[in-house]
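Written below as structure tokens is the structure these notes are about.
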Amino acid sequence: MKRVLIVVILIVAAATLGLWRSHGGVRAGLNRVVGDNSEGVTGDETRKTFELKSGARIEVQGINGRVEIQTSDTKTTEVYVKRTGDTPASLRRRELIIEQTADGLLVRCKDNHQGFWDHLFGRNPKEEVTIKAPRQIALALKGINGRVITGDIDGTIEAKGINGPVELGQATDFAEIGGINGSVSVGLKQLRERGASIKGINGNIEMRLANGLNADLTARGMNGNVRSEITEIVVNKDEPGSRYSAHIGSGGAPITLSGINGNVRLIRGDVPASSAASDKQVAPTDKAVKPAAEIKGDKGAQ
């Protein structure tokens, strides 16, 4: 029995020594445990430029940090990624991938294989992504652990699985937003037959509606209220229950909201993004939806 125990101890010691010598995972982990940050902060920067055709799809996914998409009248797309970590070993935990695809551009980060000790004590680097792109794109943002900000898009916007506040510029065609842990601000300029879908939001929602937008809004499963600060848009509430509806312009494209833990506010599209959207949760109240004469002067609770 003693021999077996000795063999086990030797195997564990050899494995530990191998990890220690190969990438310093144990040392880095133990340093963090005892508060030794002698290696300081390290990082790297990546810049790439692409020429994309009109309507190209830009997808950003798996980023541990802030993502900003700046749009303008340009044909060139510039990608800048800054990564920071406690140690060089921290940077090696994640791989940055920037590649041009058949239909556009993909920017993502993924986990690398980690040793046992690195898995226990390691810490992922922070990643900040800034992309300067044309307005004529389709944009997809998925699995972001941080704040998301975009400019106006002449195309579709998809934002899913984001842990942080989301501020989206005006979208045309179609918008799909879901699984957001934070406030949401989105502009809607024109919508086609698919309309807009917003669901599974843990935070307040600000919808900036452009003049000339024609749509029909429905909201159900609300732990909050829906109110309009646009004189000509009246929000109706079905009693009893938490279902709301509103006729926008001459009606048409569907705007559906469901599973919202927060309040929804309708304002005109010339109001800057995030002027009223708040991360702070507001307790629901049935006083939000009033007759048309009272809605005009009502202010959203933020």
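Donor-acceptor pairing under 3.5 Å is recorded for the side chains of T76 and E51.
When all heavy atoms of K126 and G65 are compared, the closest pair comes out as NZ-CA, 4.2 Å. When every heavy atom of G195 is checked against every heavy atom of A253, the shortest pair comes out as CA-CB, 4.0 Å. Contact record, S90 with P125: O-CD, 3.2 Å, taken as the closest heavy-atom pair. Nearest heavy-atom pair, L168 versus A159, reported as atom, atom and distance to 0.1 Å: CD1-CB, 4.5 Å. When every heavy atom of N263 is checked against every heavy atom of N204, the shortest pair comes out as N-OD1, 2.9 Å.
Atoms CZ and CD, on R208 and E167 in that order, are 8.5 Å from each other to the nearest 0.5 Å. Taking CZ of R243 as the start and OG of S258 as the end, the distance is 10.5 Å to the nearest 0.5 Å.
Under the side-chain hydrogen bond (donor to acceptor under 3.5 Å, both in side chains) criterion, N163 pairs with N145, N181, not counting sequence neighbours. The side-chain hydrogen bond (donor to acceptor under 3.5 Å, both in side chains) test applied to T74 returns no partner, not counting sequence neighbours. In this view, K160 and E158, E176 satisfy the salt bridge (charged side-chain N to carboxylate O under 4.0 Å, His left out) rule, not counting sequence neighbours. For D173, the side-chain contact (heavy atoms from CB on, under 4.5 Å) partners at least two apart in sequence or on another chain are T156, R192.
Both V60 and L96 are part of a single hydrophobic cluster, where members link through side-chain heavy atoms under 4.5 Å apart. Residues I198 and I230 fall within the same hydrophobic cluster, defined by Ile, Leu, Val, Met, Phe, Trp and Tyr side chains chained together at heavy-atom separations under 4.5 Å. Residues F174 and V184 do not share a hydrophobic cluster, clusters being chains of Ile/Leu/Val/Met/Phe/Trp/Tyr side chains in contact below 4.5 Å.
Between the side chain of N112 and the backbone N or O of R92, at least one donor-acceptor pair lies under 3.5 Å. Looking only at distances, no side-chain donor or acceptor of E78 sits under 3.5 Å from a matching main-chain atom of T49. Checked by atom type and distance alone, the side chain of T172 never pairs as donor or acceptor with a backbone atom of Q190 at under 3.5 Å. A donor-acceptor pair under 3.5 Å links the side-chain atoms of D152 to the main chain of Q170, judged by distance alone. For S228 (side chain) and I233 (main-chain N/O), a donor-acceptor pair under 3.5 Å exists by modelled atom type.
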- Task: In sequence, state the C-alpha distance, the side-chain angles, and the governing distance for N124 and N64, and then conclude on side chain to side chain donor-acceptor pair (under 3.5 Å).
- Result: CA-CA 8 Å; N124 285 335; N64 184 35; over 6 Å; no
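Within the 4.5 Å cutoff, the side chain of I201 has heavy atoms near those of the I177 side chain. Looking only at side-chain heavy atoms (C-beta outward), I205 and I260 come within less than 4.5 Å of each other. With a 4.5 Å cut-off on side-chain heavy atoms, N225 and Y244 count as touching. With a 4.5 Å cut-off on side-chain heavy atoms, F50 and I98 count as touching. By the 4.5 Å heavy-atom criterion applied to side chains, I58 and L106 are not counted as neighbours. Between I97 and V107, every side-chain heavy-atom pair lies at or beyond the 4.5 Å cut-off. With a 4.5 Å cut-off on side-chain heavy atoms, T71 and T150 do not count as touching. Two residues are said to be in side-chain contact when any heavy atoms from C-beta on lie closer than 4.5 Å; V264 and L257 meet this criterion.
Enclosure of atom CZ in R57 by more than 12 non-hydrogen atoms of other residues, nucleotides or ligands within 6.0 angstrom is indicated. Within 6.0 Å of the NZ atom in K189, the count of heavy atoms belonging to other residues, nucleotides or ligands does not exceed 12.
Among R93, Q61, R94, the single residue meeting the side chain to side chain contact (heavy atoms under 4.5 Å, CB included) criterion with C109 is R94. Screening L209, I157, I248 for a side chain to side chain contact (heavy atoms under 4.5 Å, CB included) with L188, the sole residue that qualifies is L209.
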Do any side-chain atoms of residues 210-218 form donor-acceptor pairs under 3.5 angstrom with protein atoms, and if so which ones, sequence neighbours left out?
| from | atom 1 | to | atom 2 | distance (Å) |
| --- | --- | --- | --- | --- |
| N211 | OD1 | R268 | NE | 3.3 |
| N214 | OD1 | S250 | N | 2.9 |
| N214 | OD1 | S250 | OG | 3.1 |
| D216 | OD1 | H247 | ND1 | 2.6 |
| D216 | OD2 | G252 | N | 3.0 |

Report all side-chain donor-acceptor pairs from residues 134-143 shorter than 3.5 Å, counting only partners two or more places apart or in another chain.
| from | atom 1 | to | atom 2 | distance (Å) |
| --- | --- | --- | --- | --- |
| R135 | NH1 | D73 | OD1 | 2.6 |
| R135 | NH1 | D73 | OD2 | 3.3 |
| Q136 | NE2 | D154 | OD2 | 3.4 |

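With respect to the salt-bridge test (charged N to carboxylate O, under 4.0 angstrom), the residues R265 and E206 qualify. Residues R227 and E229 are not paired through a salt bridge, judged by the lack of any N-O separation under 4.0 Å between the basic side chain and the carboxylate. The residues E59 and R108 are annotated as not salt-bridged, no charged nitrogen and carboxylate oxygen being separated by less than 4.0 angstrom.
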